[in-house]
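Below is one structure, written out as structure tokens; comments come after it.
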Amino acid sequence: MAAMEQVEPQSLKKLSFKSLKRALDLFAPTRGHFPLPDPESEITILFYHQYLIFMHILLLKMHKEYGSVKNASGQPGDGHAEHGTQDPATSSQLALPVCTLPSFLLLHQIFTCRNSLDYSCFCRFPSTSALMERLPSKWPRPIWHPPWRNYRVISGHLGWVRSIAFDPSNSWFCTGSADRTIKIWDVASGKLKLTLTGHIEQVRGLAVSQRHTYMFSAGDDKLVKCWDLEQNKVIRHYHGHLSGVYCLALHPTIDLLLTGGRDSVCRVWDIRSKAMAFALSGHDNTVCSIFTRPTNPQVVTGSHDTTIKFWDLVAGKTMATLTHHKKSVRAMAMHPNEQCFASASADNIKKFNLPKGEFMHNMLSQQKTIINAMAVNEDGVMATAGDNGSLWFWDWKSGHNFQQAQTIVQPGSLDSEASIYALSYDISGSRLVTCEADKTIKMWKEDETATPETHPLNFKPPKDLRRF
């Protein structure tokens, strides 16, 4: 039988201390807690973690860009490998960056720097942001458009030129002025064809019908007139506005005329019977801009009360109210092909979706003036006219402002008369006509000699976007 192992005798003092230690461990307030951190250990662990992250990102980037790293010695029978050289054109060997030191050297740097708390020795190691892949901006890049230039100045009005409308055949256009006349001009030559008189105040709105030989005009004299262009005279009046009429539009598919003015009401007229079909009331201030669509919302109005309203023509009620602007919405323009529109006020130019009216985005620059008029053509070039004579051209899709033109007043006019009150593209969208405070009409077209090399696109995607 094997001899029993002897148990080491322990003194009563030692057993007491052991029991005290166990009781202290059991009932101590710090039981189950981590020990207090050591500052030097924390610095070491921090830099070691940074080093591991650095190496991990570097390996991921190498794997993504270069694939698998092949053996530098080459395959057997390779002539380049026998001579110890390799053709750089056919080499798939990875050229590692110089900054990737071995781990022991980097750790040596860590331990030599931690005592003096001097971390300048890490300045030569690149940051992880230099190795991370830059994600491309999701913002759409603008299409290059040639700049626009003024090629004709037309004089003839004796007052501010306040409104413009084009004939559907694109052979002539008409302008209304503060001299109470409506003049009809030839598009190709710019010569005056006809002058119509009948208003007793300035003519604020014009529209030419695509379905009939009619032209409609409205002015500060509260009058809305229908002109027969075959007889060149007024055949109907539409009575009902209580103050000046600032804007008007024709429905594209129904014989309806819509007018808005200082009485804060958008009135819907039957063209043939002269009867008012609806009085769309809901705005708190002047209705100064309006456009129509063949489908709901068939009427969209902008007002000095800073709101945009969508109207249901069947019920004669508001469908939706957009309150994104902070200033008067003096101008709106609907894209000829896309289901969206833009609205302009002194604070910003905003794009909205149709038919729901969801806010899309702001234009990427601010014109910082009162915008009186805007228009967009099928090529996606939007023009906005300011009260200070600025004429800005925008790319519709991206909201990039690619040209900032400034109108020049005609000789004899004051510099303060450099203001654009109305503008419109012709039916083809290749010519732009502006109506100005110096009593002139200016015609603009694209510069045929411009190329992307002579006028490069200076575009930077936005970093922070206002979502309201």
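- Checking side-chain atoms of Asn377 against main-chain N and O of Gly429 turns up a donor-acceptor pair under 3.5 Å.
- Without hydrogens or angle criteria, Asn372 side chain to Ile420 main chain gives a donor-acceptor distance under 3.5 Å.
- The backbone N or O of Thr253 sits less than 3.5 Å from a side-chain atom of Arg211, completing a donor-acceptor pair.
- Panel note: side chain Trp144, backbone His455; a donor-acceptor pair is recorded below 3.5 Å.
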Take Cys340 and Leu354, measure what side-chain contact (heavy atoms from CB on, under 4.5 Å) needs, and give me the verdict at the end. CA-CA 5 Å; Cys340 53; Leu354 286 170; 5.6 Å; no
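- Considering only residues two or more places apart in sequence or on other chains, His283 meets the ring-ring contact (aromatic ring centres under 6.0 Å, His included) condition with none of them.
- Nearest heavy atoms, Thr384 versus Met374: CG2-CB, 3.9 Å.
- With Asp312 contributing its side chain and Met319 its backbone, the two residues share no donor-acceptor pair below 3.5 Å.
- Side chain of Asp347 to main chain of Lys326: a donor-acceptor pair is present (N/O by atom type, distance under 3.5 Å, no hydrogens or angles).
- The 12-atom threshold is exceeded at NZ of Lys183, counting heavy atoms of other residues, nucleotides or ligands nearer than 6.0 Å.
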Under the side-chain contact (heavy atoms from CB on, under 4.5 Å) rule, what do Trp311 and Asn296 come out as? Steps first, then yes or no, please. CA-CA 8 Å; Trp311 300 91; Asn296 279 334; over 6 Å; no
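- Using a 4.0 Å cut-off between a side-chain N of Lys or Arg and a carboxylate O of Asp or Glu, Asp305 and Lys309 do not qualify as a salt bridge.
- Proximity of the aromatic rings of Tyr425 and Trp148 is defined here by a centroid distance below 6.0 angstrom, and this criterion is met.
- Residue Gln410 places its CD atom among more than 12 non-hydrogen atoms of other residues, nucleotides or ligands, all under 6.0 Å distant.
- Rounded to the nearest 0.5 Å, atoms CG (Leu256) and CG (Leu250) are 9.5 Å apart.
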Quick one: do His400 and Asp395 satisfy side-chain hydrogen bond (donor to acceptor under 3.5 Å, both in side chains)? Show the steps, please. CA-CA 5 Å; His400 171 61; Asp395 177 67; over 6 Å; no
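- Ser177 and Trp160 share no side-chain donor-acceptor pair at under 3.5 Å.
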Glu448 vs Lys445, test: salt bridge (Lys or Arg N to Asp or Glu O under 4.0 Å). Steps then yes/no. CA-CA 9 Å; Glu448 299 89 350; Lys445 66 179 180 181; 3.7 Å; yes
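- In this structure, the ring of Trp394 has its center no less than 6.0 angstrom from the ring center of Trp396.
- Looking only at atom types and distance, the side chain of Ser419 has no donor-acceptor partner in the side chain of Glu436 under 3.5 Å away.
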Derivation of the side-chain contact (heavy atoms from CB on, under 4.5 Å) call for Asn353 and Phe359: CA-CA 6 Å; Asn353 207 349; Phe359 173 69; over 6 Å; no
Verdict with supporting geometry, Leu206 and Phe216, side-chain contact (heavy atoms from CB on, under 4.5 Å): CA-CA 6 Å; Leu206 287 171; Phe216 300 89; over 6 Å; no
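- Judged by distance alone, with hydrogens and angles left aside, the side-chain atoms of Trp139 form a donor-acceptor pair with the main-chain N or O of Ser398 at under 3.5 Å.
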Would you sort out whether His251 and Thr292 count as a side-chain hydrogen bond (donor to acceptor under 3.5 Å, both in side chains), showing the intermediate values? CA-CA 6 Å; His251 196 281; Thr292 57; 5.8 Å; no
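- The shortest non-hydrogen separation linking His145 to Gly380 is NE2-O, 4.1 Å.
- Judged by distance alone, the side chains of Asn150 and Lys442 never bring a donor and an acceptor atom under 3.5 Å apart.
- A donor-acceptor contact shorter than 3.5 Å is absent between the side chain of Tyr246 and the backbone of Gly219.
- Here the closest heavy-atom approach between residue Asp228 and residue Ile235 is recorded as CB-CG2, 3.7 Å.
- Using a cut-off of 4.0 Å between Lys/Arg side-chain N and Asp/Glu carboxylate O, Glu338 and Lys351 are scored as not salt-bridged.
- Between the side chain of Thr197 and the main chain of Thr181, no donor-acceptor pair closer than 3.5 Å is present.
- A donor and an acceptor atom, one from each side chain of Lys225 and His237, are located under 3.5 Å apart.
- Counting all heavy atoms, side chain and backbone alike, Val187 lies closest to Met443 at O-CE, 3.7 Å.
- Put simply, the side chain of Asn401 gets close to the backbone of Phe393: a donor and an acceptor are under 3.5 Å apart.
- Of the inter-residue distances, the one linking Leu423 atom CG with Leu391 atom CG reads 6.5 Å to the nearest 0.5 angstrom.
- With respect to Lys191 and Asp186, no salt bridge is recorded, no charged nitrogen being found less than 4.0 Å from a carboxylate O.
- A donor-acceptor pair shorter than 3.5 Å can be found between the side chains of Thr259 and Trp269.
- Residue-environment remark: CZ (Arg236) exceeds the threshold of 12 foreign heavy atoms within 6.0 Å.
- The 12-atom threshold is exceeded at CG of Leu229, counting heavy atoms of other residues, nucleotides or ligands nearer than 6.0 Å.
- The side-chain contact (heavy atoms from CB on, under 4.5 Å) test with Leu322 is passed by exactly one of Ile308, Val300, Thr306, Thr307: Ile308.
- Between the CG atom in Leu158 and the CZ atom in Arg180 there is a gap of 9.5 Å [rounded to 0.5 Å].
- In this structure, Ser289 and Arg330 approach most closely via the heavy-atom pair CB-O, 3.6 Å.
- Around atom NZ of Lys356, no more than 12 heavy atoms belonging to other residues, nucleotides or ligands sit under 6.0 Å away.
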Quick one, His199 with Asp220, criterion side-chain hydrogen bond (donor to acceptor under 3.5 Å, both in side chains). Give me CA distance, side-chain angles, the key distance, then yes/no. CA-CA 9 Å; His199 280 279; Asp220 283 347; over 6 Å; no
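- The ring of Trp444 has its center no closer than 6.0 angstrom to the ring center of Tyr151.
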Go through the steps for Glu446 and Ser430 under the test side-chain hydrogen bond (donor to acceptor under 3.5 Å, both in side chains), then give the verdict. CA-CA 7 Å; Glu446 291 180 341; Ser430 60; over 6 Å; no
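- Residues Gln403 and Arg149 bring no donor and acceptor atom of their side chains to less than 3.5 Å of each other.
- Ser303 contributes atom OG, which lies 12.0 Å from atom NE2 of His325 (distance to the nearest 0.5 angstrom).
- Checked against side chain to side chain contact (heavy atoms under 4.5 Å, CB included), Cys266 has the following partners two or more places apart in sequence or in another chain: Leu258, Leu280, Ile290, Val299, Thr301.
- Between Ile408 and Asp438, the shortest heavy-atom distance links the atoms O-OD2, 3.9 Å.
- Using the six-membered ring where Trp is involved, Phe341 and Phe291 have ring planes that are tilted, between 30° and 60° apart.
- Within a 6.0 Å sphere centred on CZ of Arg262, heavy atoms belonging to other residues, nucleotides or ligands number 12 at most.
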